[in-house]
Amino acid sequence: MTEAEKGARFARLVRENRRRLAGIAGSYARGEEVEDLTQEILLQLWRSLDSFAGRSSEATWLYRVALNTALGWRRRRSRRSRFEVAVDGGELAASSRSAATGGERELTILRRFLASLSPEDRALFLLYLDDLTYREMAEITGLSESHVGVKLHRMKQAFVERNIGS
């Protein structure tokens, strides 16, 4: 593939998946670091574009590269993170902003829940929020479809128990 073809393909992939990429970066980084992680994801997508062999869909491949990049980035940053998750309440202490009302409040609840999950579970939950099928999630994560279902069921139960009550 020529550089021009690679550039056009890359631009199309980024354009078609902008929301997904932003969601992944926003779930693994906070504040100014979101842009840094987004750039890292884009760099890894560019670098690995030539190696895409077509054994899976482009969307599955893109998710895999983006999530693996975010997980690796998070592991490297966790030692010197600019925000911390309070284990007891699942509260995200990323900024001094107070909880807002309406849609912002719901987004804050979702972000707190995501922050309380392990990086691997967070990746799976993000795929769920993006309406992927269990089969697609299994392809991306390497889990079996039934394991995906079990993990998601447990995460949804935890979400309800923490935020709605039993």
Side-chain angles (χ1 to χ4, degrees), residues 1-78 81-83 85 92 94 103-104 106-159:
M1 153 179 354
T2 68
E3 284 297 310
E5 290 170 332
K6 182 179 177 180
R9 185 177 187 189
F10 179 77
R12 179 184 54 78
L13 280 170
V14 170
R15 185 177 56 254
E16 291 174 357
N17 293 283
R18 177 168 288 145
R19 186 176 63 86
R20 288 180 177 140
L21 296 171
I24 291 168
S27 295
Y28 286 87
R30 292 287 173 254
E32 297 171 3
E33 291 184 336
V34 173
E35 183 64 29
D36 293 341
L37 177 54
T38 301
Q39 292 299 318
E40 181 68 23
I41 290 170
L42 292 173
L43 176 63
Q44 294 307 318
L45 287 170
W46 176 262
R47 286 179 174 167
S48 60
L49 189 57
D50 290 330
S51 65
F52 175 65
R55 288 187 293 271
S56 62
S57 71
E58 281 184 337
T60 299
W61 168 81
L62 181 127
Y63 264 117
R64 207 175 280 148
V65 171
L67 287 173
N68 285 337
T69 302
L71 288 168
W73 186 88
R74 176 66 184 261
R75 277 191 289 275
R76 289 188 305 275
R77 296 274 191 212
S78 67
S81 182
R82 293 184 187 164
F83 66 96
V85 177
L92 180 63
E104 288 182 39
E106 292 169 353
L107 187 56
T108 299
I109 290 168
L110 180 59
R111 284 186 175 146
R112 286 179 179 162
F113 178 72
L114 286 170
S116 73
L117 299 175
S118 72
E120 293 78 15
D121 284 350
R122 185 178 314 128
L124 186 60
F125 204 77
L126 286 171
L127 296 173
Y128 167 76
L129 291 175
D130 212 15
D131 293 327
L132 270 71
T133 65
Y134 282 14
R135 173 169 285 157
E136 291 168 321
M137 288 185 248
E139 283 180 33
I140 291 167
T141 62
L143 301 171
S144 69
E145 286 183 58
S146 61
H147 197 175
V148 165
V150 168
K151 288 179 78 68
L152 284 173
H153 177 74
R154 289 178 182 159
M155 284 185 271
K156 288 188 270 185
Q157 275 185 317
F159 181 85

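For this chain, numbers begin at 1 and follow the sequence in order. In this text the structure is predicted, and so the values were computed from the model without any measurement. Only this structure's heavy atoms are used, side chains among them; waters, hydrogens and symmetry mates stay out.
- The CG atom of Leu117 sits 6.5 Å away from atom CE of Met155, with the distance rounded to the nearest 0.5 Å.
- Atom CZ of residue Phe159 and atom CG of residue Leu114 lie 8.5 Å apart, to the nearest 0.5 angstrom.
- Taking the side chain as every heavy atom from C-beta outward, Leu45 and Thr69 never approach each other to under 4.5 Å.
- For the pair Tyr28 (side chain) and Gly72 (backbone), a donor-acceptor distance under 3.5 Å is absent.
- Heavy atoms only, all atoms of each residue included: Arg122 and Ala115 are closest at NH2-O, 3.6 Å.
- With rounding to the nearest 0.5 angstrom, the CD1 atom of Ile140 is 7.0 Å from the CG atom of Leu67.
- In the displayed structure, Arg9 atom CZ is contacted under 6.0 Å by more than 12 heavy atoms of other residues, nucleotides or ligands.
- A side-chain donor-acceptor contact under 3.5 Å links Thr60 and Ser57.
- Among residues two or more places apart in sequence or in another chain, the side chain to side chain donor-acceptor pair (under 3.5 Å) test is passed with Glu136 by Thr133.
- Nearest heavy-atom pair, Ser144 versus Ala138, reported as atom, atom and distance to 0.1 Å: C-CB, 4.0 Å.
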What verdict does the side-chain contact (heavy atoms from CB on, under 4.5 Å) test give for Leu124 and Met137, after you've listed the backbone C-alpha separation in whole Å, the side-chain angles of each residue and the deciding distance to 0.1 Å? CA-CA 7 Å; Leu124 186 60; Met137 288 185 248; 3.9 Å; yes
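- The heavy-atom pair separating Pro119 from Leu71 by the smallest distance is CB-CD2, 3.1 Å.
- For the atom pair CD of Glu40 and CG of Asp36, the computed distance is 9.5 Å after rounding to the nearest 0.5 Å.
- When side chains are defined from C-beta on, Leu13 counts as touching Trp61, because their heavy atoms get closer than 4.5 Å.
- In this structure, the separation between CZ on Arg30 and CG on Leu37 is 11.0 Å, given to the nearest 0.5 Å.
- Between Val34 and Ala29, the closest heavy-atom pair is CG2-O, 3.5 Å.
- Put simply, the side chain of Leu127 does not reach to within 4.5 Å of the side chain of Val148, judged on heavy atoms.
- Remark: Glu33 CD to Thr38 OG1 distance equals 11.5 Å, nearest 0.5 Å.
- Among all heavy-atom pairs drawn from Trp46 and Glu3, the shortest one is CZ2-OE1, 3.6 Å.
- Judged purely by atom type and a 3.5 angstrom limit, Lys151 has no side-chain atom pairing as donor or acceptor with the backbone of Phe125.
- Minimum interatomic distance between Phe52 and Ser56 (heavy atoms only, all atoms of both residues): CZ-O, 3.3 Å.
- Sparse packing is recorded around CZ of Arg154, with 12 or fewer heavy atoms of other residues, nucleotides or ligands lying under 6.0 Å away.
- Within the 3.5 Å criterion, the main-chain N or O of Ser51 finds no donor-acceptor partner in the side chain of Ser48.
- The shortest side-chain heavy-atom distance between Gln39 and Leu43 does not fall under the 4.5 Å cut-off.
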